[in-house]
Amino acid sequence: MTILLEINDIHTYIEQYHILQGVSFQAKKGEVSVLLGRNGAGKTTTLRTIMGLNPASKGEIIFNGVDITKKPTYEIANMKIGYVPEDQAIFNGLTVEENLRVAMRKEDEAAMERQEYVLNLFPDLKKFWKKDGGYLSGGQKQMLAMARAFVNEAELLLIDEPSKGLAPIIVEKVMEALVEMKKETTIVLVEQNFYMASQIGDTYTLIDDGKTIQSGLMSELIHDNELQHRYLGIG
Amino acid sequence: MGKINLKSVYFWLIVLVFVLFPFVIDSRPMTILLTQIFIFAILAMSYDILLGYTGIVSFGHAMFFGFGAYATSVMLKNIDSSLTVFFLSIIVGMVIAGIVSFLIGLLTLRLQSHFFAMFTLAVSGLFLVLAEKWRSLTQGNDGFTFRAPEIFSDRINFYLFVLFCLVLVFLLLRLFVNSPFGKVLIAVKENETRTKALGYKTIYYKVVSSVVAGVAASLAGSLYVVSLRFVNTSMMAIDVTLNALLMTIIGGVGTLVGPIVGAAIIELAKHNLSILAKTYPIFERWIIFFGIIYILAVIFFPKGVVGTLKEKWEGRKMVRQQAMKQKEDAA
């Protein structure tokens with residue numbers, strides 16, 4: 001399978017703090033690669049570094065054969081990389097419709113079809129179409145954030161903890177949506193909820209203290225209780 | 001037949017009331033006061049584009065007001081006081097304001113907002129000193145008087161012209177903020193990082209917003225000096241910026257209508273407090289009462305008059321809709 005994203009030994013500083021100290025992994029086309037690790041391990045920073053929001057000081061990030069390590073965020077996003085930050089990051093002052101339109105950039109036929117697709121994926125959004133994002137519940141905001149990243153025919157989606165702070169029933173919905181999205185695009189997912197990660201993920205990368213500890217198939221990790229216990233505190 | 005937009009009907013009714021006002025109520029002071037309110041409403045709306053729609057705090061907005069003020073007064077004094085020169089001077093003021101705001105924006109809008117605020121304060125101070133020192137052109141703080149175009153010697157004509165400008169600027173700015181471009185500005189205001197992550201080069205949006213605000217402020221400056229037939233360097237002082245800021249905050253940030261209401265509240269308060277001061281000496285300290293008005297407005301209308309009313313209205317609407325939905329579900 002073709003490698004879509006390749007991260008080679010990236011190092012990232014936030015102010016004086018050396019957060020990423022050698023993260024490496026690959027994401028293959030059509031797969032869901034899950035980044036796992038404890039709180040503060042560097043998973044979110046890894047996604048932000050890929051997006052150029054916290055640029056890497058060392059290492060390289062190759063997307064579709066192009067080195068994007070030093071590119072500005074907007075250029076990276078325009079290379080069909082969608083980003084869903086944690087904490088239901090939508091624009092509260094814009095309506096649901098406007099949130100999607102701002103994300104869409106173009107309003108051609110393909111984009112409208114795409115919009116229809118995400119609205120079928122998240123029917124709740126239709127109900128609140130003309131309402132400000134601020135009025136939505138946490139789960140609806142998360143759905144809108146995911147829809148916004150997906151409405152643009154992203155080749156790669158970076159999704160940061162979509163289940164964070166959501167009720168179990170909403171997590172189920174988000175998971176169903178992710179399964180659908182997986183059919184259409186490649187996903188790099190950061191997720192603390194191991195059950196959800198194991199259901200969706202094809203491969204995993206364990207990150208600890210800003211370093212890649214291990215990568216492999218999710219099916220292997222599911223059966224490796226020792227690794228789960230040591231790095232994820234499960235079991 | 002299409003549905004009638006009630007908001008538009010109310011808007012044009014209000015405009016009609018103000019058009020008819022000077023013909024119904026023959027009060028020169030009131031006409032002058034309303035003219036001032038309209039002019040400051042344009043200035044406050046221009047500030048709202050920065051603060052309310054893009055999240056940029058500028059302490060140098062008076063500079064753009066001053067460009068318009070000096071372009072018009074210098075040209076009317078040194079060329080002639082015809083209507084053509086007046087219109088030309090408005091364009092000149094706008095072009096200068098546009099160029100300066102473009103350059104400042106390009107150089108500094110990459111910075112964090114507080115650095116930008118400080119930079120605008122410094123540049124505005126620089127232009128104020130330049131105006132003070134370039135006495136051959138500006139006559140410094142003493143200022144100079146000049147003749148306004150003949151047609152404006154009738155205050156009603158000028159009132160109507162300023163009202164026309166206010167309506168035009170309001171409609172154009174509303175078009176601007178409601179456009180897809182305007183929605184991106186709101187996104188930038190809420191979270192610039194998130195907007196970048198959607199693929200937007202946000203600096204471009206911020207610079208355009210800064211230019212639009214600068215150009216509109218310049219128009220307000222041009223109109224203001226014609227209403228006074230006088231200009232001096234106080235037009236570029238920080239007080240003008242602070243006034244615009246307070247008008248926007250009191251009226252309601254990010255509403256466009258709010259700054260018009262804010263301008264009316266502040267100008268009416270100034271006017272009435274100065275009248276009261278003639279009878280009751282305590283009101284000579286009108287600046288203290290002004291402060292009290294600001295404090296009360298912030299306490300009772302935290303989102304500004306229009307912003308708070310809008311929020312309450314939408315809250316009630318939401319409750320009504322939920323109640324109706326519950327009834328439907330129960331049925």
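Here is how names work: the chains are called A, B, and so on, in the same order as the sequence lines, proteins then strands, and each is numbered from 1. Quick caveat: nothing in here was measured; it's all calculated off a predicted structure.
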Identify the heavy atoms of [X] and [Y] that sit nearest to each other, and give their distance.
{"X": "A77(A)", "Y": "L198(B)", "answer": "CB-C, 3.8 Å"}
{"X": "V102(A)", "Y": "A187(B)", "answer": "CG1-CB, 4.4 Å"}
{"X": "Y74(A)", "Y": "Y200(B)", "answer": "CB-O, 3.3 Å"}
{"X": "F91(A)", "Y": "N191(B)", "answer": "CE2-O, 3.8 Å"}

**OP:** Measure from the side-chain N and O atoms of E190(B) to the backbone N and O of G93(A), and report whether any donor-acceptor pair falls under 3.5 Å.
**Re:**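 Yes: the side chain of E190(B) pairs with the backbone of G93(A).
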Are more than 12 heavy atoms, taken from residues, nucleotides or ligands other than [X], located less than 6.0 Å from that residue's [atom1] atom?
{"X": "K310(B)", "atom1": "NZ", "answer": "no"}
{"X": "K173(A)", "atom1": "NZ", "answer": "no"}
{"X": "L13(B)", "atom1": "CG", "answer": "yes"}
{"X": "Y204(B)", "atom1": "OH", "answer": "no"}
{"X": "K201(B)", "atom1": "NZ", "answer": "no"}
{"X": "K126(A)", "atom1": "NZ", "answer": "yes"}
{"X": "Y117(A)", "atom1": "OH", "answer": "yes"}

Subject >> Side chain proximity check, I186(B) to E98(A), heavy atoms < 4.5 angstrom >> reply: no
Original post:
For the candidates G82(A), A103(A), A89(A), G52(A), which exhibits the highest count of non-hydrogen atom pairs separated by less than 4.5 Å from chain B?
Top reply: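 The candidate making the most pairs under 4.5 Å is A89(A).
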**OP:** Go through the atoms of L94(A) and report whether side chain, backbone, both or neither lie under 4.5 Å from a heavy atom of chain B.
**Re:**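 For L94(A), heavy atoms of backbone and side chain both lie under 4.5 Å from chain B.
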Original post:
Which region of L158(A), side chain (C-beta onward) or backbone (N, CA, C, O), has a non-hydrogen atom less than 4.5 Å from a non-hydrogen atom of chain B, or is it both or neither?
Top reply: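 Answer is neither: L158(A) stays 4.5 Å or more from chain B.
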**OP:** Report the distance from atom CG of N99(A) to atom CZ of R194(B), rounding to the nearest 0.5 Å.
**Re:**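 One gets 9.5 Å once the value is rounded to the nearest 0.5 Å.
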Subject >> Interchain contact, T202(B) with chain A, by part (heavy-atom threshold 4.5 Å) >> reply: neither
